[in-house]
Each structure stands twice: as structure tokens, then as C-alpha cells.
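So you know, we letter chains A, B, ... as the sequences are listed, proteins then strands, and number each from 1.
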Amino acid sequence: MPRFGLCCMFKEQPIKFRTTTATSIGKMDRLKALEKIDNLCMQNAESLMLALQFCNQNDIGCFRVNSQILPIKTHPEYGYEVKDLPNGNEIVNQFIKCGEFAKQNDIRTCFHPDQFVVLNSPKENVVKASIRELEYQAEVSEWINADVINIHGGGVYGNKTEALKDFIQNFKSLSQSVKDRLTIENDDKSYTPEDLLPVCHKINIPLVYDVHHHRCNKDIYSLREATEKAKETWNREPLFHISSPIDGWQGRKPQRHHDFIDLKDFPEYWNVSNLTIEIEAKAKELAVLQIREELSNNIA
DNA sequence: AGCGGTCAAGTTGAT
DNA sequence: ATCAACTTGACCGCT
């Protein structure tokens, strides 16, 4: 069986990650603001441990960490360094404990920076902010032993080839810590596996193959071919994504995610070991447990 | 305590 | 032109 991954949050389990808004933080004096952020970070570090323990108890081998695990960490005005928080050392220690727990129990962790991280934007400040965000997530990755920070190709700006050249150029300015973890994922509108595989080979980063996106945004490769080619880009256990369309493939918005994974959407050749599959489904842990149950019934 | 408006950020494509 | 979609509703300030 593959290793299944849970994304960021829980549907039923009472495990919550907290955040705040820049507006609210901006209204406070700096001391009060840092106190509040300190609180949220500590609670999130504790929640992460609970999340990992839940995964361990339920044989969920991978957990994706929310980008806001340290809220507004890279905000241009209200951002901060963890060492400047009142309990910064304890917060780091709690994350390191999470990393030790994950390692001991073979739980893989990863990040998926959100849509604002665009490495190939023509706007210099967008690239700068993206790099700041990647460096922050790499810092936490080191504490918790996360081995993947996964982003999309970014914008097209009228010319895919040129846009991907910019991606490669800007990749070079990243720290080694980010480079070692950065992966690129095919998306549902712009970049297909066919577009991205040459980038993977050129700068030696893995392809996170999203089969749902590939079904929305097709190229010359069959799903099986893309699976094989994506696997070849990995120097460690490959990591893929799956989801099912909210109203079926004939529905109005097939790119929207369903609560659960439809067994029919699961490629049978993905039911193998040495593969991580993140389950992108709105029912979260329930969806992970369900697809695993269905797959084991299917074999029996 | 409950409720509704708001939330840092980019890009694309549907309406 | 506006808005939803993207890993996801949660937070905050008002009553």
C-alpha cells in the first residue's frame, strides 16, 4: 500500500491551527502584537504534535503543514523572526520535538506554499516576497524534518518557454535548504507534466504529479506515462496528489474538489508501496481513511 | 455569545 | 469588469 497524506487540517478531529490577520496585528503596539503571535505559534506547534500523533495512530504516513503555521511570518510590515518572540526558544523546541516524533514514527511532512508564491513573476517584488516565504517554510522544514516544499510553475505571461526560463533563473538564487526541498507540481490551467518535466531535469527537482490536474489540463502523456516520468524525477519516495471532482467529471466545475476520493479516480497502478499520495479532499482525515478502506476491500 | 464582514499577497479563466 | 478557484474557513469587532 502507498503512504497516504493528509492536508493541513481536520474535519472531525478537534485539532485546530490558529492564525490572525495583518489588520488586527497592525492595530496593536509591537509588544502586544508579538505576544499574541507568540501565543498562536506555540499553540500551533502543540497542535502539530497532536496532528502527527493522530496520523501515527491511524497509519496516515504523511502530513502537509499549513503555510500559516507561523502566522504572518513574512508580512512586509508585521513579519518577525521567531527569536524575537517572547518564547521563541520554546516554540522552536516544540517544533523540533515534532520533527523527532515524525522521524521516529516514519511520518513524512511537507509544505505547499499558496498561490502568492510565484517564482517566475515578472514583478521583482513578487519574486522577492515568494523567496521570503520559501525561506521561511524551509526554516520550519529543518525543525520538523519536512522534505518537500511544493509549488506550481507560476504564471505564463503569454510565453510558457520564457516563463519557465525565469523559474529556472530564480531557482538559482534560493538557499540550499529550499533547493533541497523544492518540488514543482502540474496545475489545472497552465503547466502540464509535459511542460514541467524538462524543468525538473534541468535543475534536478522532483515533479509532484497531480493526476486530477492532469485530467483537467491534458498533454501528450497518458496518466500512466506521466506517473512513470514523474517517478523518475525523484531521488526519494515520490509524492503525488489526487482528488475527485465535486460534481463528477460532467459537472460544471470539475476542477473543484469533492469531499471524498472516488475509487474510480484512483489509478490502480498507484496502489503500490514506496509512493506517497496526498489526499486533497474536503472531508480531510475521513477521506484518507475511506479511500484506504476501499482500496483494501477492493483487493480482498 | 452570536453574527456578519473581512482577510497580505498572484494569476487565470468563467461569468 | 468582477469574481471564484487554488490545500482550508477563521478571525475580529460589532451588537
Side-chain angles (χ1 to χ4, degrees), chain A residues 5-13 15-28 33 36-37 39-40 43-44 47 51 62-80 109-134 136-137 148-160 163 166-167 183 185-191 208 210 212-213 216-217 239-247 251-259 261 277-288:
Chain A
L6 170 61
C7 298
C8 305
M9 63 203 315
F10 295 82
K11 171 90 177 185
E12 275 191 354
Q13 285 301 304
I15 301 173
K16 301 281 184 201
F17 294 94
R18 311 256 334 259
T19 188
T20 185
T21 61
T23 314
S24 156
I25 290 298
K27 285 177 188 161
M28 302 174 171
K36 173 177 175 137
I37 290 168
N39 240 310
L40 296 176
Q43 286 183 44
N44 286 347
S47 292
C62 175
F63 184 72
R64 181 191 299 174
V65 180
N66 179 344
S67 295
Q68 291 283 6
I69 187 93
L70 304 183
I72 65 168
K73 172 75 168 66
T74 64
H75 188 280
E77 199 171 345
Y78 309 126
Y80 53 92
T109 54
C110 58
F111 282 89
H112 193 355
D114 46 22
Q115 58 271 34
F116 313 109
V117 173
V118 182
L119 201 49
N120 71 344
S121 174
K123 299 170 194 159
E124 190 188 358
N125 53 334
V126 172
V127 175
K128 259 195 179 143
S130 298
I131 291 174
R132 257 165 75 78
E133 185 72 17
L134 290 171
Y136 140 59
Q137 298 198 12
V148 167
I149 300 174
N150 177 46
I151 62 175
H152 292 287
V156 173
Y157 316 106
N159 186 335
K160 272 190 193 180
D166 289 341
F167 184 100
T183 64
E185 177 190 350
N186 61 302
D187 64 77
D188 61 348
K189 295 192 183 74
S190 304
Y191 292 107
V208 169
D210 186 316
H212 185 252
H213 289 160
C216 296
N217 186 14
L239 188 151
F240 293 172
H241 290 177
I242 194 167
S243 34
S244 283
I246 190 164
D247 289 317
R252 285 196 306 123
K253 296 174 179 170
Q255 71 273 32
R256 294 224 54 200
H257 292 170
H258 197 276
D259 283 351
I261 304 299
I277 303 172
E278 287 189 79
I279 303 299
E280 294 185 332
K282 293 194 291 184
K284 297 296 165 189
E285 78 274 21
L286 306 182
V288 177

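Among the protein residues, Tyr78(A) comes within range of no part of the nucleic acid, since none of its heavy atoms lies under 4.0 Å from any strand. Across all strands, Lys36(A) comes closer than 4.0 Å only to sugar-phosphate atoms, never to a base (heavy-atom distances). Within 4.0 Å of Lys27(A), counting heavy atoms only, lie sugar-phosphate atoms of the nucleic acid but no base atom. Across all strands, His257(A) comes closer than 4.0 Å only to sugar-phosphate atoms, never to a base (heavy-atom distances). Residue Thr74(A) is classed as a base contact, given a heavy-atom separation below 4.0 Å to a base. Within the 4.0 angstrom heavy-atom criterion, no nucleotide atom of any strand lies near Glu185(A). Residue contacts shown for Val156(A) are limited to sugar-phosphate atoms, with no base heavy atom under 4.0 Å away. Residue contacts for Cys8(A): at a heavy-atom cut-off of 4.0 Å it reaches a base atom on one of the strands shown. Counting non-hydrogen atoms under 4.0 angstrom, Asp188(A) reaches nothing in the nucleic acid.
Not a single ring pair (Phe, Tyr, Trp, His ring centres under 6.0 Å) links Phe111(A) to another residue, sequence neighbours left out. In this view, Tyr78(A) and His75(A) satisfy the ring pair (Phe, Tyr, Trp, His ring centres under 6.0 Å) rule, not counting sequence neighbours. With sequence neighbours excluded, the residues forming a side-chain contact (heavy atoms from CB on, under 4.5 Å) with Lys11(A) are Lys284(A), Glu285(A), Leu286(A), listed by chain and number. Judged as a ring pair (Phe, Tyr, Trp, His ring centres under 6.0 Å), and not counting sequence neighbours, the contacts of His257(A) are His212(A). The side-chain contact (heavy atoms from CB on, under 4.5 Å) test applied to Phe116(A) returns Asp114(A), not counting sequence neighbours. Under the side-chain hydrogen bond (donor to acceptor under 3.5 Å, both in side chains) criterion, Ser244(A) pairs with Asp265(A), sequence neighbours left out. Remark: His152(A) pairs with His112(A), His213(A) by the ring pair (Phe, Tyr, Trp, His ring centres under 6.0 Å) rule, at least two apart or across chains. Legend: residues meeting side-chain contact (heavy atoms from CB on, under 4.5 Å) with Val156(A), ordered by chain and number and at least two apart, are Lys160(A), Ser190(A), Tyr191(A).
Residue whose closest nucleotide on DNA chain C sits further toward the 5' end, between Arg18(A) and Ser67(A): Ser67(A).
Nucleotides of DNA chain B that come within less than 4.0 Å of any heavy atom of chain A span, from the 5' end to the 3' end, dC7(B) to dG13(B). In summary, contact between chain A and DNA chain C, defined as any nucleotide atom under 4.0 Å from a heavy atom of the protein, begins and ends at dA5(C) to dG13(C) in the 5' to 3' direction.
Nucleotides dG2(B) and dT8(C) place their C1' atoms 23 Å apart, quoted to the nearest Å. On the P atoms, dA8(B) is 12 Å away from dG13(C), given to the nearest whole Å. Taking atom C1' on both nucleotides, dA5(C) is separated from dG9(C) by 15 Å, rounded to a whole Å. For the P atoms, the distance from dA10(C) to dC6(C) is 16 Å, rounded to whole Å. Atom name P, nucleotides dC7(B) and dC3(C): the rounded distance is 14 Å, in whole Å.
Annotation: side chain to side chain donor-acceptor pair (under 3.5 Å) contacts involving residues 17-28 of chain A, sequence neighbours excluded, comprise Arg18(A)-Gln43(A).
One finds no salt bridge joining Glu133(A) and Lys128(A) here, because no Lys/Arg side-chain nitrogen approaches an Asp/Glu carboxylate oxygen to under 4.0 Å.
Contact annotation: the side chain of Met28(A) approaches that of Lys36(A) to within less than 4.5 Å [non-hydrogen atoms, C-beta and beyond].
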In dot-bracket form, 5' to 3', how is DNA chain B paired? Count Watson-Crick and G-U wobble pairs only if both distances fall under 3.5 Å, and write | where the partner sits on another strand. |||||||..||||||
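Using modelled atom types, one side-chain atom of Asn186(A) and one backbone atom of Asp210(A) make a donor-acceptor pair closer than 3.5 Å.
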